[in-house]
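The next block holds one structure in the form of structure tokens; read it before the comments.
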Protein chains: 2
Amino acid sequence: MTNDQNMDAIFQALAHESRRRMLDIVKEEPGIGVGALASDFDVSRIAVMKHLSVLEEANLVVSEKDGRTRRLYFNAAPIQMIHDRWTTEYSAYWAGQLTRIKYLAEAQEHTKKTKTRRAKS
Amino acid sequence: MTNDQNMDAIFQALAHESRRRMLDIVKEEPGIGVGALASDFDVSRIAVMKHLSVLEEANLVVSEKDGRTRRLYFNAAPIQMIHDRWTTEYSAYWAGQLTRIKYLAEAQEHTKKTKTRRAKS
DNA sequence: GTCATATGTAACAAATAGGTTACATATTAA
DNA sequence: TTAATATGTAACCTATTTGTTACATATGAC
């Protein structure tokens with residue numbers, strides 16, 4: 001159903017805080033209209049509509065026309081799909097890797113702090 | 001540790017198929033160098049390095065210098081974080097919503113197909 | 001029908017992303 | 001030391017994203 005062809009669109013849609021916030025609002029207020037949603041943001045209604053079209057391309061939001069208002073609904077299916085993919089593809093991997101990577105991350109943090117001073121013998 | 005401030009970077013990093021493929025390769029071949037990784041892609045090494053810097057900003061890849069090669073490692077922690085966030089924030093919501101949303105998605109599919117023909121009385 | 005409301009479209013501008021080539025630096029091998 | 005290897009940086013170009021304003025269309029209230 002939802003596959004790798006859509007993953008770009010899903011992650012892209014989720015990559016911006018304002019769109020995640022829109023998702024939250026639509027999730028909390030199913031059937032909210034475009035204008036009502038836009039009033040929660042300080043960018044223009046058109047900007048919000050563009051964000052909505054990104055969310056709709058990712059199928060994270062679906063809408064239906066009801067008179068002159070377009071009602072918006074949150075669709076969790078794509079998130080479910082990614083959840084499942086991660087559970088099967090990554091979860092098994094975590095246990096064994098996390099400790100070593102944690103060490104490396106710390107080492108890297110140290111490297112960043114000290115990277116400018118280097119002995120020039 | 002990893003928080004909302006980083007979510008943009010994480011989703012952004014995962015939003016491109018080539019970067020997800022890099023992650024897969026680095027996960028399969030821990031310690032692979034930049035050039036070796038780049039040879040798996042048909043864009044330039046510099047383009048691959050830019051993708052790597054996106055992945056490193058998201059902390060999905062960490063690296064350590066080993067002589068003249070920079071060794072790359074996959075770090076699953078950010079993915080774990082998102083996994084956890086979704087599990088707690090969305091999972092409970094899915095059960096009740098999926099059926100209705102499925103209906104709406106189908107309705108929308110129908111709307112798309114018929115949106116161009118409209119009676120002009 | 002007329003007016004207000006809700007949404008949609010077009011055209012444009014600025015910022016960011018994603019790619020290139022050319023050149024620089026650092027390390028290993030000879 | 002010299003040459004090959006591995007990576008890094010700078011400058012530049014193009015495409016996409018993200019935003020704007022102005023105008024168009026569709027629906028509900030009167």
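Throughout, a chain's letter reflects where its sequence line sits, starting with A, and its residues are numbered from 1.
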Whole-Å distance between [N] [atom2] and [X] [atom1]?
X	N	atom1	atom2	answer
A:His51	D:dT20	NE2	C1'	12 Å
A:Arg70	D:dT25	CZ	P	19 Å
B:Lys50	D:dA11	NZ	P	13 Å
B:Leu72	D:dT7	CG	C1'	11 Å
A:Asp8	D:dT16	CG	P	13 Å
A:Asp42	D:dT20	CG	C1'	14 Å
B:Ile46	D:dC13	CD1	P	18 Å
B:Glu17	C:dG19	CD	P	12 Å

Of A:Lys65 and B:Gly35, the one whose nearest nucleotide on DNA chain D sits closer to the 5' end is B:Gly35
Taking for B:Val34 and for A:Arg19 the nucleotide of DNA chain D with the nearest heavy atom, the one nearer the 5' end belongs to B:Val34
Checking C:dT7, C:dT20, D:dG19 against the side chain of A:Val43 (C-beta onward), the nearest is D:dG19
Between [X] and [N], does any side-chain N or O lie under 4.0 Å from OP1 or OP2?
X	N	value
A:Ser44	D:dG19	no
B:Arg45	C:dG19	no
B:His16	C:dG18	yes

Base, sugar-phosphate, or nothing: which does A:Arg71 touch, judged by heavy atoms less than 4.0 Å apart? nothing
Report yes if the side chains of A:Leu14 and A:Leu23 come closer than 4.5 Å at any heavy-atom pair, otherwise no.
yes
Notebook entry, point to check: Considering only heavy atoms from C-beta outward, does the side chain of B:Phe11 approach that of A:Arg20 to under 4.5 Å?
Noted result: yes
- prompt: Does the base of C:dT5 carry an N or O that pairs as donor and acceptor with the side chain of A:Arg68 under 3.5 Å?
  reply: yes
Looking only at atom types and distance, does a side-chain atom of [X] sit under 3.5 Å from a main-chain N or O of [Y], one as donor and one as acceptor?
X	Y	value
A:Arg21	A:Phe41	no
A:Arg45	A:Ala38	no
A:Asn75	A:Asn59	yes

